[in-house]
Amino acid sequence: MAINTLIPAEKALEIVLKDVRPIGDETLKLKHASNRILSTDLASLRTQPPFDASAMDGYAVKQSDVASLPTDLKVAGEAKAGTPYAGSLENGEAVRIFTGAVVPENADTIIIQENTLAENGYVKVLEGTPKGKFIRLAGLDFTEGEVLLHASDKLTPNRLALAASMNHAQVSVYRQSKAALLSTGDELVLPGEATQPGQIIASNTFGIAASVENCGSQIIDLGIAVDTRDALRAKIIEAITRDVDVIITTGGASVGDHDLVLPVAQEIGFEFEITKIAMRPGKPFLFGRFHHKGKTIYLTGLAGNPVSSLVAFNVFVKPLLQTLSGQPLQMLNRLPAVLGCDLPQNDERAEYMRATLVTSEEGKRIATPFTKQDSSMLANLVRADCLVYREVKASVAKQGDACEIVLIS
Ligand code: AMP
Ligand code: MG
C-alpha cells in the first residue's frame, strides 16, 4: 500500500499492532508492584490459614463438656495469635483463646468470651456454641499450590494483598514501555510562559502524558521542537539514545511545507506504513518503525490539533503502548444510543463527533452532537459526554435514529 493513501481506521490499527509483543518482564518486590501486570501465573506457596484458627476471643473447649449448661471448666492455659497452646485439651478443661490463635488439639468448640465468667482458674460457660462455629479450618481461604492469580492480571490493591498472603515476596511483571513525548511547532509555548503575537499554548502533550501513564507506560518529555529539520532530528535522536520504545510527536504530521516529522524520521531510518487515516478528527497520523540495536522503536506522529491528537492517541497509540507493556487492551467500546438531532450524510472519513448524552424517561440514551466539531476545539471535548461514531459514507440520519457512541470517561 502506498504510504500516502487514506487508510481505514480498522486497517490502520491492524498495521499498528502487527507483530507487537510485550517488551519483556522483570522481577519486582511486592511493595513496588502496585498496578503492574503479572507476567506469570501465581500459585500459592502456603495454605491459608495454615492451621485451624479461632475466629473469636473466648475459650476453646470440647463440645462434650458443654452439653449441659452452665458448667465450670478448668482453664488449662492460653493460646494467642502466634503462640499456640503447647498441650492437648483434656476432659473438663478449657484453653483461653484469642482471635487468630491455633485451636488446641482435641478442642472442637469456641465459646465466645461474652458467654462466660472467669473465676479463679476456672471458667463458667453460660451459653454454648455449635461445634466448629468460630473455627477457621486450615485451608479455608486457599491451599498451597492453588493458582489464584494469573498472567495479565493487574496488581490491584486486593490482588497485592492476596499475593502477599500467598507468601510471594516478589513477583514477575511485564516491563513498562517507555514513551517519548514531543510537541512540534514554532508557535508553541508552555502554559504560564510569556507569549508573543501568533503564539499559542502547547496543550496536547499534557493530555497525552496523562493517558500514557494510565496505559502503564513511562514518559520521557522532550518538550517542544521548532519546525526545523535540525531541531526535529536532534529530538528524535535524543529519544532513540534514551532507549524509548515509542516516540509520540504532535503537530507537523500533515503535508504542509512546515510539516517535517515524516521526512526527518525517514532520513533517520524510520519506515512508515501509515500517513493518513480515513477518520475525523485524526486524519494526519504517522506510523513508522525503526529497527535499532536489536529492538523496534515505533514513531506515532499525531496531528497538532488537540482533539485530533487525543482521539488518534486513544484509537491507535493507547493499544500499542498497552500491548508493549503487557496491559490488557482497552479498545474504544461502541454502545447503542439514539440521535438527538438530524445528521447529514457522512463522507469517506469515519467520524467521532463530540456530543452530549442524556437518558430519556424510557431509559433511552440520547446523544446529540455539537453543531461545531472543529478539531481545534478542546472545550467542547471536555463538555462532551460521548463521541457519536459515524461510519464511512453513513447515510443521512434523523433525530431518533439508532447510532453508536463511545463514552468519554
Ligand atoms: P499542525 O498539525 O502542526 O499543522 O498543527 C495543526 C494545528 O494544531 C495548528 O493550529 C497548531 O497551532 C495546533 N497545534 C500544534 N501543536 C499543538 C499543541 N501541542 N497544542 C495545541 N495546539 C497545537
Ligand atoms: Mg505545525
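Atoms within each ligand, like the ligands themselves, are counted from 1 in listed order.
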query = Just which atoms of ligand 1 are under 4.0 Å from any heavy atom in Ile201?
reply =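 Answer, ordered by atom number: 20 (N), 21 (C).
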request  = Please identify which atoms of ligand 1 are closer than 4.0 Å to at least one heavy atom of Thr250.
outcome  = 19 (N)
Return the residue, atom name and 0.1 Å-rounded distance of the protein heavy atom closest to [atom].
{"atom": "atom 1 (P) of ligand 1", "answer": "Gly252 N, 3.7 Å"}
{"atom": "atom 7 (C) of ligand 1", "answer": "Asn305 OD1, 3.4 Å"}
{"atom": "atom 4 (O) of ligand 1", "answer": "Asp259 OD1, 3.8 Å"}
{"atom": "atom 5 (O) of ligand 1", "answer": "Gly304 CA, 3.6 Å"}
{"atom": "atom 12 (O) of ligand 1", "answer": "Glu187 OE2, 2.5 Å"}
{"atom": "atom 21 (C) of ligand 1", "answer": "Ser203 OG, 3.4 Å"}
{"atom": "atom 18 (C) of ligand 1", "answer": "Asn204 ND2, 3.1 Å"}

key: Flag if over 12 foreign heavy atoms under 6.0 Å of NE2, His292   = yes
query = Hey, is CZ on Arg334 packed in by over 12 heavy atoms from elsewhere, all under 6.0 Å?
reply = yes
Electrostatic pair Lys295:Asp243 at N-O distance under 4.0 angstrom =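 Answer for the salt bridge query: yes.
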key: Salt-bridge present (Glu351, Arg280; N to O < 4.0 Å)   = yes
query = Are the aromatic ring centres of Phe285 and Phe316 under 6.0 angstrom apart?
reply = yes
query = Can you tell which of Lys154, His32, Glu26 makes a side-chain contact (heavy atoms from CB on, under 4.5 Å) with Val173?
reply = Glu26
ask   = Of Asn314, Leu387, Leu357, Val382, which meets side-chain contact (heavy atoms from CB on, under 4.5 Å) against Ile408?
value =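 Among Asn314, Leu387, Leu357, Val382, the one that satisfies the side-chain contact (heavy atoms from CB on, under 4.5 Å) with Ile408 is Leu387.
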